[in-house]
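A quick write-up on the structure given underneath.
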Amino acid sequence: MTAQAAGQERVLTGTHFMLGDHACAEGALAAGLDFFGGYPITPSTEIAERLARRLPRVGGKFVQMEDELGSAVAIIGASAAGARSFTATSGPGFSLMMESIGLAAMMEIPIVIVDVQRASPSTGLPTMVGQSDALQARWGSHGDYGVAAYSPASPQECFDLTLLAFDVADRYRIPVLLMMDEVVAHMTERVVIPAADAIQRGQRPRPDHAPGATRHLPYAVGDTLVPPMAHAGEGYCVHMTGLTHDERGYPALNEATHNQLVNRLVDKVRLNAGEIERYEEYALEDAETVVVAFGCTSRSAREAVKRGRAAGRKCGLLRLVSLWPFPEARLRGLLERGRVQRFLVPEVNLGQMRREVERLTQLPVLRLNHAGGAMPTPEDILAVIP
Amino acid sequence: MSGSAPIIASTHPNDGLLRADRFPHILCPGCGIGTVIHCYVDAMAASGLALSDHACVSGIGCSGRAAGYVNVDSYHTTHGRALPFALGIAVYKPGMRVTVISGDGDLAAIGGNHLIHAARRNVDLTVICINNFNYGMTGGQAGPTSPRGSVASTAPEGVHDRPFVLPDLVRAAGASMVSRWTVLHVRQLRDAILRGMQKRGFCFIEALSPCPTNFGRANDLGDGMAEMEVYRERCELADGTPGYDALDIDLTDHTRPILVGDFLDIERTPYQPVGEHTA
C-alpha cells in the first residue's frame, strides 16, 4: 500500500474506497494510458487532477491543453503515433469536441472521451447532475459515423467501462465515449482493481507486413471492416485525411467512394453491435413493466423495481450499460415474449433515450423526466410503476 | 498529365520524398505552395534522417493540402487543428521531427489559440505558415493577415481590420526561432526549415506566397511572376528583431520595404510535458 499511496504503480491492484472520477482515471491507467490531453471542467476535473499526479510517474504524458478543441485533437494525434490516449470533459467541452469526434471517426484513429454530464444546456448547473448529452454522444458531430458510448452506474463501473472503452476504441478504430454523470462521478464506493496480469487488453489491428516490404494501404479492409493501423514513425508513410479518401488514404472526392466509406464507418459498429453493446437485466423474466434506465438513474430504478416486486408488482429493469449501440435486439427479444405491457424510461433529461424505446415498440412508454440538477428517487419511480 | 505537354524527364530527384502518384496537384499556376513543399522536402533530405523520423501535419485550405504530397507519415486534419494534432505526435514520440505546413487563415484565425499556446509552451515543432493573405481555396475571402486596404470577396470595399503580424505574434508568445521569407527566397527558406528541424523547440517560419487566382487578381498584383517581382524589388533583410509596425505588410505601398530574415534564433527549454520518461 505504500507504493500504491505514492502512486507509482500503473495498476492499483486491490480494494479501494474510491471516487467515481478517480476510478475512471485508474481505469485509464490500467488500460495502458500513454497520453492525456485535457482542459479542466467541472465535474470531470478530478480525472485530470488524478492523472496529473499519477500518469507522469508511470511514464505517460499529461498535457493540459488550451481548450477542449485542442484536447480532442491532441489525443487523436498521439493515438496516430500509437498512444492509448484520452480526455475527460463535461457538456460545454463535449460540445467543443464534436468536430474531432468526426475526425477520429473518419481517420479511424481510436480515442476515448469521457463526458461527465452536468445539467445543461449551455453552462447550466455546473456542479449538478444531468444525463442530457446522451443523444449528442450518438449524433453530435456532423455526418453519419459510428461510435460506442457506455454509461457507468457506479465507481466500479467507471473503472471497468473505462478499460472496456479503450479496448473497443482500439479493436474497431472508433471514438468511444464514456458518458458518466455528476452523481456517479462524485460518488465514493468500493472499487476492486484486479491484478495487472489479469487485465486483457484489446488490440488495434496492425499491418501484417514490415514497412517498405510492400506498399501499405492505410484503409484497405478485409471481412472485419477494420483496416490495420500503422502508426507515425513506423516507416509505413501513411496519409490520413478527414476528406473522403480511398484505400491509399488519398482524397477521392466522388460520391461512390464517399458512400462506400461512410457506410463502412457506420457498419463497423452496426454489424458488430453484439460484441460492443452491454446491458444488465434485473427481474425481467415475467415483467409486465420494464424500466429502462442508465447511469445514476438506474440505481434508483433498481431499488424501485426491488420494492415493486416486494409489493407484488411485475416489474423489471433493463439497464443500459451501453447507450450506443442501443441494445435493440434484446429489447425486441423482450417484446417477442409477449409479457411486457409497458415501458418506463426515467432519465435526467427530457426524454432522450425514451425515443429509442418508442422507436421499437407500439406499447406505452411511460416517462419520468427531470431537466437536471436532481435525479429521480426510488419513490419517484415506484410511483409510476403500476 | 494530359495530351501535348512534352515530358522533359520521367523522374525527379525528389520523387522518393513526394507522393508522385498524387500528381497532378491541385495548386494553381503561379501559386507558391509547391515551392514551399519543395523547400520542405529538400530540408528533409538535408536533415540526414530517415523518412520515418519525419511527420507532416496540415490543416485545411490550399496550404493544408501540403501534407498530402509528401511521402512521410502525413495527416491532413481539420480546420485550425494541425498544431494540437502535431503536439500529440511530438509529445508521444519526441524523437520524431514533426513539421506543420498550413496557411495563414488556418493557423492564425481558426487555429490562432493553438498557435500562441504552442509557441508559449515551446512545443518541439517546425511550423511553416504559408501566408498568401487570404483564404484561397474558398475563393479569396479576407483573413487575419490580409493587409489593410486589400480587396477580398468578403471585404469588397477593402479590409479595415488590422492584420496579425505573425513573426511578431509568435515571437512575443515565446517561440525559439522565428523567420520570414518569401517563396522567392528558396535557399533561405529551405535553410530556415532545416534549422527548425534541427532545433528543439517551437520554430516558426512565415513563407509569403502569391495567390494570383484570388488575392493577386482582386488586388491588381498581376500573375504569380508579377508578385514575385514585388518580393524581389521590395524585400529587405531585417536587422535584428523588428516589431509589429516594421513587419507589417502593405503590398500596395511601393515605398515600404517588406522585411524578411531570420528574426530570432535562441535557446529556450523545449516543451517537456509532465510525464517525460526519465528512465
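Proteins get letters first, then strands, A, B, ... in listed order; numbering begins at 1 in each.
One distance of note links CD1 of Ile76(A) with OG1 of Thr78(B); it measures 7.0 Å at 0.5 Å rounding. Separating the CG atom in Asp73(B) from the CE atom in Met240(A) is a distance of 8.5 Å, to the nearest 0.5 Å. Separation of atoms CE (Met65(A)) and NE2 (His117(B)) is listed at 9.0 Å; rounding is to 0.5 Å. Rounded to the nearest 0.5 angstrom, Met107(A) CE and Phe85(B) CZ are separated by 4.5 Å. Distance check, rounded to the nearest 0.5 Å: CG of Leu83(B) to CD of Glu66(A) gives 8.5 Å.
In this structure, the side chain of Lys93(B) does not engage the main chain of Gly233(A) through any donor-acceptor pair within 3.5 Å.
At a threshold of 4.0 Å, the pair Glu99(A)-Arg81(B) counts as salt-bridged, since one of the basic side-chain nitrogens sits closer than that to a carboxylate oxygen.
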Show me the donor-acceptor pairs, under 3.5 Å and distance only, between side chains in residues 29-44 of chain B and residues at least two apart or in other chains.
| residue | atom | partner | partner atom | Å |
| --- | --- | --- | --- | --- |
| His38(B) | NE2 | Asp42(B) | OD2 | 3.4 |
| Asp42(B) | OD1 | Asn14(B) | ND2 | 3.3 |

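Taking every heavy atom of both residues into account, Gly70(A) and Pro84(B) meet most closely at O-CB, 3.5 Å. Between Tyr92(B) and Lys61(A), the closest heavy-atom pair is O-NZ, 4.5 Å. What you find for Tyr75(B) and Val238(A) is that their closest heavy atoms are OH-CG2, 3.5 Å. Closest approach of Arg19(B) and Cys237(A) over heavy atoms only: NH2-O, 3.0 Å. The nearest pair of heavy atoms linking His239(A) to Ser74(B) is ND1-OG, 2.8 Å.
Ranked by heavy-atom pairs shorter than 4.5 Å toward chain B, the options Gly235(A), Gly82(A), Ser100(A), Gly102(A) are led by Gly82(A). By number of non-hydrogen pairs under 4.5 angstrom with chain B, the leading residue of Ser85(A), Gly242(A), Pro251(A) is Pro251(A). Most heavy-atom pairs under 4.5 Å with chain B: of the set Leu103(A), Ile75(A), Thr241(A), Val73(A), this distinction falls to Val73(A).
Other residues, nucleotides and ligands contribute only 12 or fewer heavy atoms inside 6.0 Å of the OH atom of Tyr39(A). Around CZ of Phe164(B), the count of heavy atoms belonging to other residues, nucleotides or ligands within 6.0 Å does not exceed 12. More than 12 heavy atoms of other residues, nucleotides or ligands lie within 6.0 Å of CG in Asp15(B), so this atom counts as buried by the packing criterion.
For chain A, no part of Asp53(B) is nearby; none of its heavy atoms comes within less than 4.5 Å. Interface residue His231(A): backbone and side-chain heavy atoms are both found under 4.5 Å from chain B. Contact annotation for Arg65(B): only side-chain heavy atoms (C-beta onward) come within less than 4.5 Å of a heavy atom of chain A. In this structure, chain B has no heavy atom under 4.5 Å from any part of Leu51(A).
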